[in-house]
Each structure stands twice: as C-alpha cells, then as structure tokens.
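Let me begin by presenting the structure, written as structure tokens, before commenting on it.
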Amino acid sequence: MSFEGLLGIFILLYIIELGFYSYAANISRRSSRSIRNLSTLPRVSVVIAAKDEEVNLPACLKSVVELDYPADLLEVIVVNDDSSDSTPAVIDGYSRITNTVRRVDAVETKTLKGKANALSQGIANASGEFIFLTDADCIVPKGWIKETLKYFDPDVGIVGGVTLISQTDKAVYGMQALDWDFLLTVCAGAATLHKPIACLGNNLVVRKKAYEDVGGYSRIRFSVTEDFALYKAIAESGKWRFAFPMDRNTLVETKPVGTLKDVFSQRKRWGTGGKDTGIFGFLTLGAGFMLHWAIIISPFVSLEAFGLGLIAKIILDSVFVLPTLSHYGKIAHLKFILYFEIYYITYVAILPFLVYVGKGVTWKGRNY
C-alpha cells in the first residue's frame with residue numbers, strides 16, 4: 001500500500017472518530033433543554049484550593065461571593081495550600097467582608113499530597129450537601145450553583161462542567177483556547193456515552209454523599225489529576241450516575257498558562273492522569289495519534305501527501321469544534337486554528353512518550 005493510501009485510511013478513521021463524538025456532544029449540548037426544576041434549595045459549599053494565588057484569587061472570590069444564591073445556604077472554603085505569597089491575606093480580607101468565606105490551612109499528611117490533600121481537607125470542613133469545586137484562576141457565572149444543581153437527579157453523584165479560556169490576545173493563548181474547546185467537546189460527548197474519560201476540577205460538582213460513599217480522596221488511588229480520579233471513582237461506583245452537560249449557564253472561564261513550556265507541562269500532567277481512562281480512552285487517542293504521525297512523516301515522503309493531510313486535519317477539526325464555539329459564542333477562536341494544529345499535531349504525537357518514558361510530573365513546584 002502506498003503512503004498516500006495509508007494516510008487516507010488514517011484520515012477516514014479520524015473522520016469516524018470525530019463524527020462519533022460530534023453526535024454525542026450534540027446530545028450533551030441539547031441536554032440543557034430538558035432539566036429538572038428545584039423545589040427547594042440545598043446548602044452548598046464552594047471549595048477552592050489555592051497555592052501562591054495572590055494575583056488570581058481576588059477576581060475568583062469576587063465572582064464567587066456575587067453568586068446568585070442565598071447567603072445563608074452558601075459557604076466558601078478557600079484552602080491555603082502552603083502558599084509562600086500573600087494568598088492567606090487575600091482570603092482573610094474576604095473573610096472580613098463576608099462571613100460566607102473562610103480559610104482552611106492545609107497540613108501535610110502521609111497519605112495525600114498536593115492539591116488532592118488540600119481539597120480533601122477543604123471538603124472535610126464543608127457542611128454543604130453539594131460541593132462545588134473551582135480553581136483560583138477561574139471566574140464562575142452568577143447562576144453557576146442554581147443551574148448546575150438542576151442536573152442532580154436523586155441518583156446523580158457528580159456533574160462535570162465546561163471551562164473555557166477567557167484570554168486570547170496572544171497566539172499561545174488562542175491555541176490553548178481551541179485545545180480546551182476541542183477537549184471539552186470530547187469529554188462531554190464521552191459522558192453522554194456513559195464513558196468517563198476526563199473532566200476538569202475547576203468546574204466540578206459532587207454530591208457529598210457520593211464523595212463519602214467512595215471514601216473521598218483518602219481512599220481513592222492517588223493521581224496527579226485528582227479531579228478525574230474522583231469523577232471516575234463515582235462514575236464507576238455502580239451506585240451513582242454522572243453528567244457532563246454543555247450548558248452555557250454553567251460555563252466557567254479560566255486564564256491560560258503563560259508559555260509553551262507551561263502548556264506542555266500541563267498537558268503532560270493531564271496525560272499522566274489520563275492513563276487511567278482505560279481502553280476507551282486509548283481508542284479515543286488512537287486515530288489522532290496515527291494521523292498526526294503520518295502528517296509529521298509525510299514531508300519526507302511526499303509533499304502532496306503532507307498538504308493533503310494538513311488541510312484535511314484543519315478542515316475536520318474546524319468542523320468538529322464549530323458547534324461548540326457557536327454554542328458558547330467563541331467563534332473568534334477559529335482564527336488560531338493554524339497555531340493550534342501545529343501545536344496539537346506535535347503534542348498528541350509525543351504525549352504518550354512523555355507520559356510512559358519521560359520523568360515524573362512537576363506542578364506548582366511539587367514533583368510527582
């Protein structure tokens with residue numbers, strides 16, 4: 001078989017994969033039209049783990065304290081995770097403004113480390129029936145709590161949500177924005193198919209009873225992606241259902257990381273945690289992995305094949321992500337498609353080697 005023929009097969013497999021997830025994601029986008037109404041509002045807790053977040057935390061806390069939810073049913077627990085800057089002072093400043101916010105200082109334990117340890121201690125101090133998790137570099141919408149609670153039928157234990165990049169004034173930011181657009185479309189589609197392959201802990205809500213049923217972070221096998229570990233444990237518990245709606249009313253926005261080095265470090269951490277996705281996750285990555293390597297090799301074989309592969313990839317990815325961009329009003333992200341493809345083709349091709357052959361993960365000054 002010629003190289004062009006092999007490339008054509010990889011393109012066909014990629015079309016099938018994207019079509020599969022496009023169909024599933026469309027179901028997730030439409031799910032917001034059929035959700036239950038709340039008869040009574042429960043007590044909820046927002047838990048934020050913050051390590052050296054003096055720059056980002058004020059805007060995050062401002063959005064949290066302005067949530068459209070009764071103050072007497074809301075508590076905000078910010079876990080100071082061994083910060084070396086003025087993060088504790090920022091938290092205390094908000095605590096003086098409103099008694100809704102309180103600070104918990106994480107202590108080291110033998111069983112947990114990093115963010116999982118901080119979240120575990122924050123949740124242990126939470127009194128809410130539902131635990132809303134977000135990050136210090138995020139902004140949550142006013143209706144975040146009420147709109148997300150609508151997805152908690154009695155047997156739903158955890159609900160993931162979409163988070164998108166808010167800043168796209170540089171190519172490295174716009175490239176990340178499209179990456180998140182793409183990734184979250186796949187995640188939501190997979191959840192629709194009852195396959196928990198990924199989630200983001202900056203827009204994740206867990207029923208505390210479900211959290212306790214799986215033993216919390218202290219009983220879940222440690223992962224550098226603690227959010228996905230919890231999501232997967234509850235989804236596979238056999239007792240609780242999970243959901244991942246693509247709902248505009250629950251969209252959280254986050255800042256991009258600053259450099260390409262930071263991007264690849266973040267993706268390596270995600271990929272390391274993603275080893276727990278099982279065969280379904282590997283199959284999801286497989287078609288893209290083969291196509292990306294074919295495109296990388298093609299200039300040394302045939303420039304025509306390279307042009308065909310790259311153009312096909314740009315068109316297919318654009319068509320795939322366009323409904324999500326339209327749904328969230330982010331069509332402008334498409335102007336970064338070429339930057340995204342250069343980065344995306346490279347990182348998907350090398351990610352398995354970084355994860356399985358490379359050294360451990362370093363994140364926020366900690367080695368795992």
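Just so you know, these numbers use all the heavy atoms, side chains as well, and skip hydrogens, waters and symmetry mates.
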Practice problem: Please step through side chain to side chain contact (heavy atoms under 4.5 Å, CB included) for the pair Phe336 and Thr168, ending with a clear verdict. | Solution: CA-CA 9 Å; Phe336 297 101; Thr168 57; 4.0 Å; yes
Exercise. Treating Ile, Leu, Val, Met, Phe, Trp and Tyr as nodes and any side-chain heavy-atom pair under 4.5 angstrom as an edge, say whether Met246 and Val319 lie in one connected cluster.
Key: no
Practice problem: Would you check if there is a donor-acceptor pair between the side chains of Trp240 and Asp213 at a distance under 3.5 Å? | Solution: yes
Quiz item: Checking Asn56 side chain against Asp137 main chain: does a donor-acceptor pair fall under 3.5 Å?
Solution: no
Quiz item: How would you list, by chain and number, every residue that makes a ring-ring contact (aromatic ring centres under 6.0 Å, His included) with Phe10, sequence neighbours excluded?
Solution: none
Quiz item: Are the side chain of Ser166 and the backbone of Thr254 linked by a donor-acceptor contact shorter than 3.5 Å?
Solution: yes
Quiz item: Taking the six-membered ring for Trp, are Phe340 and Tyr344 ring centroids under 6.0 Å apart?
Solution: yes
Quiz item: Has the side chain of Ser63 got a donor or acceptor atom that lies under 3.5 Å from a matching backbone atom of Val140?
Solution: yes
Practice problem: Would you check if there is a donor-acceptor pair between the side chains of Trp144 and Asn203 at a distance under 3.5 Å? | Solution: yes
Quiz item: Taking Thr148 for the side chain and Ile145 for the main chain, is one N or O donor matched with an acceptor at less than 3.5 Å?
Solution: no
Quiz prompt | Minimum heavy-atom distance between Val156 and Val159, given as atom pair plus value | solution = CG1-CG2, 3.7 Å
Quiz prompt | Under 3.5 Å side-chain donor-acceptor pair for Arg103 and Ser95 | solution = no
Quiz item: Under 6.0 Å from the OH atom of Tyr339, do we count more than 12 heavy atoms belonging to anything else shown?
Solution: no
Quiz item: Would you say Val321 and Ile16 are hydrophobically clustered, going by side-chain heavy atoms of ILVMFWY under 4.5 Å?
Solution: no
Quiz item: Residues in ring-ring contact (aromatic ring centres under 6.0 Å, His included) with Tyr14, at least two apart?
Solution: none
Quiz item: Would Ser45 and Glu75 count as having a side-chain donor-acceptor pair, cut-off 3.5 Å?
Solution: yes
Quiz item: Which heavy atom in Asp52 sits nearest to a heavy atom in Ser84, and how many Å separate them?
Solution: OD1-N, 2.5 Å
Exercise. Spell out, as yes or no, whether a donor-acceptor pair under 3.5 Å connects the side chain of Trp293 to the backbone of Ala349.
Key: yes
Quiz item: If every non-hydrogen atom of Asp135 is compared with every non-hydrogen atom of Cys60, which pair is closest and at what distance?
Solution: O-SG, 3.4 Å
Practice problem: Verify, without hydrogens or angle tests, whether Ser120 (side chain) and Ala116 (backbone) share a donor-acceptor contact under 3.5 angstrom. | Solution: no
Exercise. Could you tell me whether the side chain of Ser83 and the main chain of Asp85 form a donor-acceptor pair under 3.5 Å?
Key: no
Quiz item: Taking it one step at a time, do Ile15 and Leu316 satisfy side chain to side chain contact (heavy atoms under 4.5 Å, CB included)?
Solution: CA-CA 7 Å; Ile15 290 172; Leu316 291 173; 3.6 Å; yes
Quiz item: Who pairs with Glu341 by salt bridge (Lys or Arg N to Asp or Glu O under 4.0 Å), at least two apart in sequence or on another chain?
Solution: Lys313
Quiz prompt | Residue list, salt bridge (Lys or Arg N to Asp or Glu O under 4.0 Å) with Asp181, at least two apart or on another chain | solution = none
Practice problem: Would you check if the side chain of Ser218 reaches a backbone N or O of Gly215 as a donor-acceptor pair within less than 3.5 Å? | Solution: yes
Quiz item: Any sub-3.5 Å donor-acceptor pair from Thr87's side-chain atoms to Glu53's backbone N or O?
Solution: yes
Self-check item: Sequence-distant partners of Thr109, side chain to side chain contact (heavy atoms under 4.5 Å, CB included), two or more places apart
Solution: Thr111, Leu112, Asn117, Gln121
Quiz item: How far apart are the closest heavy atoms of His292 and Val348, and which atoms are they?
Solution: ND1-CB, 3.2 Å
Exercise. Considering non-hydrogen atoms only, spot the tightest contact between Arg248 and Tyr328 and give its length.
Key: CA-CE2, 3.8 Å
Exercise. Report yes if some heavy atom in the side chain of Val78 is under 4.5 Å from a heavy atom in the side chain of Val64; otherwise report no.
Key: no
Quiz item: How far apart are the C-alpha atoms of Val44 and Tyr69, what are their side-chain angles, what is the distance that settles it, and do they pass the side chain to side chain contact (heavy atoms under 4.5 Å, CB included) test?
Solution: CA-CA 9 Å; Val44 303; Tyr69 206 76; 3.8 Å; yes
Quiz prompt | Test log, rule side chain to side chain contact (heavy atoms under 4.5 Å, CB included), inputs Thr324 and Arg29 | solution = CA-CA 8 Å; Thr324 294; Arg29 282 188 291 269; 3.1 Å; yes
Exercise. Check step by step if ring-ring contact (aromatic ring centres under 6.0 Å, His included) holds for Phe320 and Tyr21.
Key: CA-CA 9 Å; Phe320 174 71; Tyr21 279 109; 7.4 Å; no
Exercise. Using salt bridge (Lys or Arg N to Asp or Glu O under 4.0 Å) as the criterion, list what pairs up with Lys142, not counting sequence neighbours.
Key: Glu66
Exercise. Flag yes if Ile311 and Ile297 sit in one hydrophobic cluster, no otherwise; membership is Ile, Leu, Val, Met, Phe, Trp, Tyr, and two members link when side-chain heavy atoms are under 4.5 Å apart.
Key: no
Quiz prompt | Donor-acceptor under 3.5 Å (Lys51 side chain, Asp82 main chain) | solution = yes
Quiz item: Around atom CZ of Phe3, are there more than 12 heavy atoms of other residues, nucleotides or ligands at under 6.0 Å?
Solution: yes
Practice problem: Would you name the heavy atoms of Asn202 and Thr134 that are closest together and state the gap between them? | Solution: O-OG1, 2.8 Å
